[in-house]
Q: 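Quick one: the structure is below, questions incoming.
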Amino acid sequence: MRKAFAFRIPNFVLSAIAGGLLTLSFAPYGYWPCGLGSLSLLAWLYLRASGGRQLSGRRSLWLAFCFGLGLFGSGGSWVYVSITEFGNSSVLLGTALTGAFVSIMALLLALPFYFLGHFTGRGLSFALAFPALWFVSEWLRSWIFTGFPWLYAGYGQIETWLSGWAPVLSVYGMGLLLALSAAVIALAAAGRLALRANPAGQGASVLLVVAALLPWPIGALLAQVEWTQPEGDAITVGLVQANIPQEKKWLPEFRGETIRRYQDGSRALSEQGVDVIVWPEAALPVLYSHAPNLMQALQRNAEQTRTDLIAGILYDRREPGRRVVHNSATVFGRNPGIYHKRHLVPFGEYVPLEDWLRGTIEFFNLPTSFIQPGPEEQQPLNAGGTSWAPLICYEIVYPRMVADSALSAQVLLTISNDAWFGDSIGPLQHMQIAQMRALETGRYLVRSTNTGVTAIVDPRGRIVHRLPQFERANLTGEVRAMRGATPFMLTGITPVFALALPMLVAASLFRRRRPAAAKAPLAGEISD
């Protein structure tokens, strides 16, 4: 008799599917169980591929790379929109550049997993190494090539019990704890958590399950802690969403209309008696020095109405032999001030290897790809009698940077122009990332954008006021100055390293242990 044909989906295909599954846990989808399912499937694939033995580094790297292709190919699809629709690139070139971006990010994600195969032979070692290496993977992506800390697993858990850990361990720690639960689920699914007859083996399995489950209820308890406290009276803020089409934003013939939209929005908000008005990133399509009359009018109006204005603008100054341009946030009113963006977007605000790349294709000649970074040490802005930590666009995705800024400020402010993402999932992911920063720091967050998402977030990371995307409208709401600091603001990710490194050390020790004899199983060993 002929044997029945058995179809088995290759591991690399399933790994790519697992990566795509993680995207479904983020905004706009918000299916948080998909995050746990994604990492559980990835961990299970390592166990299946190893067959209870060690897996080669090459195969380990390949599995994680395929996972990264699925994750960034789906979750980072907005990159293609930015390149083709607003970078004026052809479909072919846009596909090639997006493919290069996805591949590079997938490789960065995969690099630490080269070592995971060494731990697949023993269940306990694997359960410790998998979450630790997941953290290392996310940490590496926060700074290599200036960093791309996007699509972190913890963002998809912002509405679960794990969110209680955000003020303590940040989004990095949430990802580590999620990966720990996923590793234990995978071991159970692979039949590697079978309880043995000896008490030590039972104890190891039970302790591992408890360690994987306990962070969830503890997180629910931590969510009840008030890490920061309100100070003083609430202030009323008004946000102007002018909805300027990106293709018209820098056209000279549309400049007057752009300025009118912002002035009309501000006039309406001033009549409502708001304390602070906020315009988004690079709201005015002119250089600061090129419009002195306009700048004086904005300052005069802020003084007369007693309503401070924070406006995004391109601020320029002369230096010997060159003109320096910053992407800035400027305060007009009782306490004038300015902040220059520190962390720039590659290719969007500056061109790496500029002498080689600029001029080769139009994508490398975007209207704002000549920006210079501001100094690292800058003071918070003061508006409405409150200190504001300004973060411009991409800066909000860096947890440590935001936490450091929040230490000397009472409210988080992020201004952005997400029109670059078009009608993609990018702006919604960006909004969710901003929510996490509010949760990590225990601060209100005000987010002003050109086309959306414009919103106000409370210190627990919840959106309390929000405007629809792609509509011209104003948003008003109250925020409170917050004092105090969360543990994450004080310690950074040191505690997460303090968890991950001992886990890797312990995983290595357990991996090296061997039974004394074939008939004498190792005490405390989890079934492989």
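In this chain, residues are counted from 1 in sequence order. Values in this document were obtained by computation on a predicted structure and should not be read as measured data.
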Q: Among pairs that include at least one residue of residues 13-22, which meet side-chain hydrogen bond (donor to acceptor under 3.5 Å, both in side chains), considering only residues two or more places apart or in two chains?
A: none

Q: Tell me every residue that passes salt bridge (Lys or Arg N to Asp or Glu O under 4.0 Å) with Arg342, counting only those two or more places apart in sequence or in another chain.
A: none

Q: Does the Lys NZ or Arg CZ of Arg437 fall within the cation-pi geometry relative to Tyr398 - under 6.0 Å from the ring centre and within 45° of the axis?
A: no

Q: My understanding is that only residues two or more places apart in sequence, or in another chain, count here; which of them pass side chain to side chain donor-acceptor pair (under 3.5 Å) with Ser40?
A: none

Q: Which residue pairs pass the salt bridge (charged side-chain N to carboxylate O under 4.0 Å, His left out) test with at least one member in residues 142-163, sequence neighbours excluded?
A: none

Q: Show me the pairs that pass salt bridge (charged side-chain N to carboxylate O under 4.0 Å, His left out) and involve residues 370-399, at least two apart or across chains.
A: none

Q: What pairs with Arg483 under side chain to side chain donor-acceptor pair (under 3.5 Å), at least two apart in sequence or on another chain?
A: none

Q: Assign the ring pair Phe101 / Phe72 to parallel, tilted or perpendicular, where the plane angle (0 to 90°) is split at 30° and 60°.
A: perpendicular

Q: How would you list, by chain and number, every residue that makes a side chain to side chain donor-acceptor pair (under 3.5 Å) with Arg443, sequence neighbours excluded?
A: none

Q: Taking the six-membered ring for Trp, are Phe135 and Phe497 parallel (under 30°), tilted (30 to 60°) or perpendicular (over 60°)?
A: perpendicular

Q: Please identify each residue that fulfils side chain to side chain donor-acceptor pair (under 3.5 Å) with Trp165, with sequence neighbours left out.
A: none

Q: Among residues at least two apart in sequence or on other chains, which ones pass salt bridge (Lys or Arg N to Asp or Glu O under 4.0 Å) with Asp316?
A: Arg323

Q: Please list, one pair per line, the donor and acceptor atoms closer than 3.5 Å that link side chains of residues 31-38 to other protein atoms, with sequence neighbours excluded.
A:
{"from": "Ser38", "atom 1": "OG", "to": "Ala18", "atom 2": "O", "distance (Å)": "2.6"}

Q: With sequence neighbours left out, which residue pairs that include part of residues 215-228 fulfil the salt bridge (charged side-chain N to carboxylate O under 4.0 Å, His left out) condition?
A: Glu226-Arg460

Q: Partners of Asp275 by salt bridge (Lys or Arg N to Asp or Glu O under 4.0 Å), sequence neighbours excluded?
A: none

